[in-house]
Protein chains: 4
Amino acid sequence: MTDKRREIVAAAAALMHSKGYENTKLADILEAAQIGKGQFYHYFSSKHELGLAVLNYRFESWNQRLMENILSSGKDPETKINEMLDWVIEQQRLNQAKCGCVFGNLAVEMSEHDEAFRRKLETVFEIWVSKLKPVLSEMILPVQADPEEINKMAQGIVAMIEGGILLMKSKQDLNVLVNITAQIKFLIRSFVQNQRH
Amino acid sequence: MTDKRREIVAAAAALMHSKGYENTKLADILEAAQIGKGQFYHYFSSKHELGLAVLNYRFESWNQRLMENILSSGKDPETKINEMLDWVIEQQRLNQAKCGCVFGNLAVEMSEHDEAFRRKLETVFEIWVSKLKPVLSEMILPVQADPEEINKMAQGIVAMIEGGILLMKSKQDLNVLVNITAQIKFLIRSFVQNQRH
Amino acid sequence: MTDKRREIVAAAAALMHSKGYENTKLADILEAAQIGKGQFYHYFSSKHELGLAVLNYRFESWNQRLMENILSSGKDPETKINEMLDWVIEQQRLNQAKCGCVFGNLAVEMSEHDEAFRRKLETVFEIWVSKLKPVLSEMILPVQADPEEINKMAQGIVAMIEGGILLMKSKQDLNVLVNITAQIKFLIRSFVQNQRH
Amino acid sequence: MTDKRREIVAAAAALMHSKGYENTKLADILEAAQIGKGQFYHYFSSKHELGLAVLNYRFESWNQRLMENILSSGKDPETKINEMLDWVIEQQRLNQAKCGCVFGNLAVEMSEHDEAFRRKLETVFEIWVSKLKPVLSEMILPVQADPEEINKMAQGIVAMIEGGILLMKSKQDLNVLVNITAQIKFLIRSFVQNQRH
DNA sequence: AATGAATGAGGTTTCATTCAT
DNA sequence: TATGAATGAAACCTCATTCAT
């Protein structure tokens with residue numbers, strides 16, 4: 001991927017995060033990326049392709065920072081969870097609790113009517129869940145985890161994060177999310193206790 | 001409100017639920033409501049006004065069915081929670097797990113850039129939280145509830161529902177939501193136990 | 001003419017004076033006159049008919065006040081001219097030098113493309129000229145007036161008034177008109193002197 | 001300014017001269033300029049911007065031909081005045097005495113409700129007055145001109161021209177304007193005589 | 001690789017007028 | 001008389017995409 005293409009994607013990513021896919025107009029992107037129409041269509045065959053590129057671009061960085069650096073680190077599971085939640089809060093703080101989560105936003109906007117977006121978004125959440133599972137398993141050691149229970153709990157955690165971001169966005173108040181991360185920690189503690197008995 | 005106006009709102013509500021506010025075009029509404037452009041602008045001064053009318057319309061019915069009939073019924077708190085979660089699942093089943101929650105959808109799409117929508121949506125979630133609080137308080141009786149803890153838990157429940165719907169929508173699979181409602185019940189049980197000790 | 005019809009015409013007259021014929025919308029008129037659409041079309045067959053009614057309505061009052069009360073009074077010709085110019089200034093002062101002359105405005109807007117308006121407006125200016133002629137004739141007595149010269153001078157005076165109002169409107173400054181009335185007086189004095197030699 | 005943009009402005013100028021700003025519809029312009037909607041909005045951000053461009057376009061040519069070539073020529077003042085009046089008549093002859101003066105027309109239509117138009121139009125008339133002043137001063141030489149008197153007379157001349165065009169338009173008869181230019185010459189002669197005594 | 005002019009369907013809104021009551 | 005709902009053509013403007021250079 002050339003630098004210019006990357007620049008365009010980065011500019012579009014910021015816009016689409018805030019305004020959504022449809023409400024981000026090509027003209028906005030061209031202006032933000034400081035390019036002409038011809039150049040855009042040289043790199044992308046359509047706005048739709050760019051949208052998917054944005055999704056992949058955000059996926060890459062999310063995957064690297066959250067899935068790899070945090071959830072796949074060698075640290076103990078509690079630390080991983082804490083770091084994950086701190087990272088989530090930090091991301092929202094960066095845009096003043098206003099934009100929400102790119103993946104959540106696009107899932108809401110695109111899932112029903114755009115299968116390409118939907119599949120990618122589904123994957124994102126699946127990866128998240130699948131990365132959380134070993135962390136949870138590790139937490140309840142020495143008890144052996146029931147894979148089904150672990151899976152549901154991982155899904156519940158992701159749901160609570162996404163829902164927390166959604167609520168936070170509607171109030172434009174980061175504290176909502178902070179409170180909810182506390183609830184998540186409580187949920188996990190309860191789960192661990194419960195599994196151990 | 002005349003019948004015709006109500007018809008238009010109802011038709012628009014279905015469309016906006018599925019496609020969002022911006023992606024629902026006036027032409028879609030006119031066709032669905034079987035009216036002409038002029039007639040539309042006889043009842044509404046703008047698409048924006050219609051959007052808010054849709055929000056209010058959905059709020060009314062949600063408020064009646066969920067906030068009043070279910071959460072304010074005379075039944076015991078466990079039943080209220082169960083009925084609430086069943087109702088949520090049922091709503092999603094009605095549109096094949098594809099549309100998501102109108103309020104969540106609009107919160108994601110509109111909150112950042114439209115203050116009128118944001119405020120109404122904020123209110124919706126606040127009401128939900130405030131209606132859940134007495135239910136939770138009743139559950140932990142005879143222990144006296146810590147209002148702050150109750151509030152956070154209520155918020156956590158709403159977040160988990162909204163996040164669960166979001167995840168469900170991205171997978172187009174109702175089971176996701178079903179699983180998450182189970183997690184919610186577990187969370188509540190844990191909360192009750194925890195408050196009692 | 002019923003009172004209601006008159007009310008409508010009066011309301012429309014104020015609007016059309018300020019905004020012109022085309023830019024005055026039926027909705028503006030209905031609101032200003034506090035009536036419904038049905039009532040409007042009961043009194044008028046079209047906006048065009050109303051426009052002509054407005055023109056006649058303004059013509060009537062102008063004819064009464066300026067043509068009759070002032071230019072056809074028994075006073076000496078200098079007084080008539082002075083009162084006419086004072087009246088013109090006073091009219092413009094009433095709308096803060098912003099609206100201009102209804103007849104001039106409509107002449108500019110309508111003359112080229114609407115023959116009915118054009119003819120009425122032409123008549124207005126012809127009457128004005130014809131009423132000025134005897135005043136000018138009287139002024140140059142005992143010299144007998146050359147009808148052709150008198151006619152041209154009368155036309156020149158009307159032109160200077162209308163042009164003065166136009167300039168005044170473009171500057172939104174009543175002083176422009178005041179200055180020009182002084183020029184008109186000078187022009188008339190010069191004319192009288194010239195005719196007497 | 002590209003050629004296409006200029007073409008659009010020229011086409012719109014002819015239309016707006018005849019029909020006014022508001023009554024010139026985008027569709028008229030597109031047809032006259034033989035372009036599509038998209039192309040129009042490529043060159044102009046709005047009809048309003050085009051309107052101002054039309055005004056500037058007409059100003060440029062008027063400024064060049066009348067203000068520079070005629071009123072700023074090295075010829076004697078009487079010739080300048082005569083050439084100016086001949087030019088004015090000639091312009092009106094070109095459109096069969098039907099359209100009037102673009103500046104006067106737009107002043108009447110736009111001054112009250114559009115400040116951008118008003119300011120430009122005000123400037124046009126101010127320039128005209130300011131260019132006439134030295135001509136008048138030169139005429140009364142060797143007497144030194146009273147600047148205030150000169151200014152008022154210049155304004156009076158412009159008013160009489162604009163008013164003459166207005167009257168001419170309402171009668172659709174060029175002779176009206178011809179007569180009035182004769183009055184203007186008489187007014188100037190009287191002014192010169194008066195200043196010299 | 002790059003520009004930006006051109007396209008044209010479709011977006012929301014306006015409006016004088018007609019019609020059912 | 002009077003209401004205001006209904007009509008639909010036409011208003012201004014937007015936008016993703018294509019095309020000529």
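A note on names: the letters A, B, ... follow the listed sequences, proteins ahead of strands, and every chain is numbered from 1.
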Query raised in the report: How many angstroms lie between CG in A/Leu15 and CD in A/Glu31, if you round to the nearest 0.5 Å?
Result: 9.0 Å
**Report entry** First encountered from the 5' end of DNA chain E, between B/Glu22 and D/Phe40
**Finding:** D/Phe40
Query raised in the report: Is the NZ or CZ atom of C/Lys4 both under 6.0 Å from the centre of the six-membered ring of C/Phe40 and within 45° of that ring's axis?
Result: no
Query raised in the report: Any side-chain N or O of D/Tyr41 under 4.0 Å from OP1/OP2 of F/dT14?
Result: no
Report task. Please state how far atom CG in B/Asn23 lies from atom C1' in F/dC15, giving the value in whole angstrom units. Result -> 13 Å
Report task. Confirm from the modelled atom types if C/Lys37 and E/dT17 form a donor-acceptor pair under 3.5 Å, side chain to base only. Result -> yes
Report task. Determine which nucleotide pairs with E/dC19, using a 3.5 Å limit on both distances of a Watson-Crick or G-U wobble pair. Result -> F/dG4
Report task. Measure from NZ or CZ of A/Lys120 to the centre of the six-membered ring of A/Phe59, then state whether that distance is under 6.0 Å and the direction lies within 45° of the axis. Result -> yes
Query raised in the report: Does the ring of A/Tyr41 carry A/Lys47 above it, NZ/CZ under 6.0 angstrom from centre and within 45° of its axis?
Result: no
Query raised in the report: For E/dA9, which nucleotide in any strand shown is its Watson-Crick or wobble partner with both distances under 3.5 Å?
Result: F/dT14
Report task. Compare side-chain N and O positions of B/Gln39 against OP1 and OP2 of F/dT7 and report whether any pair is under 4.0 Å apart. Result -> yes
Query raised in the report: Separation of C/Gln34 atom CD from F/dG4 atom C1', in whole Å?
Result: 15 Å
**Report entry** Toward the 5' end of DNA chain F, by each residue's nearest nucleotide, D/Ser46 or B/Ile35
**Finding:** B/Ile35
**Report entry** Distance in angstrom units between A/Glu31 CD and F/dC15 C1', rounded
**Finding:** 15 Å
Query raised in the report: How many Å lie between CD1 on B/Ile29 and C1' on E/dT13, as a whole number?
Result: 13 Å
Requested in this report: Output yes when at least one side-chain N/O atom of D/Lys25 is less than 4.0 Å from OP1 or OP2 of F/dA11, else no.
Outcome: no
**Report entry** Nucleotide forming a Watson-Crick or wobble pair with E/dT14, both distances under 3.5 Å
**Finding:** F/dA9
Query raised in the report: Looking at NZ of C/Lys98 and OG of D/Ser111, how far apart are the two atoms once the value is rounded to the nearest 0.5 Å?
Result: 11.5 Å
Query raised in the report: What's the NE2-P distance between C/His48 and E/dC15, to the nearest Å?
Result: 19 Å
Query raised in the report: For the pair made of CG in D/Leu30 and C1' in F/dA10, what is the distance, rounded to whole Å?
Result: 13 Å
**Report entry** Nearest-angstrom distance from the residue atom CG of C/Asp28 to P of E/dT14
**Finding:** 12 Å
Query raised in the report: Would B/Glu49 and B/Arg5 pass as an ion pair if we require N to O under 4.0 Å?
Result: yes
Query raised in the report: At under 4.0 Å between heavy atoms, what does C/Gly36 touch on the DNA or RNA strands: base, sugar-phosphate, or nothing?
Result: sugar-phosphate
**Report entry** Presence of A/His42 side-chain N/O under 4.0 Å of E/dA1 phosphate oxygens OP1/OP2
**Finding:** yes
Report summary line: Assert: residue with more 5' nearest nucleotide on DNA chain E, out of B/Leu26 and A/Tyr43, is A/Tyr43
Query raised in the report: Which part of the nucleic acid does A/Lys4 contact within heavy-atom distance under 4.0 Å: base, sugar-phosphate only, or nothing?
Result: nothing
Query raised in the report: Where the side chain of D/Ala27 is concerned, which of E/dT17, F/dC13, F/dA11 is the nearest nucleotide?
Result: F/dA11
Query raised in the report: How many Å lie between NZ on A/Lys47 and C1' on F/dT14, as a whole number?
Result: 12 Å
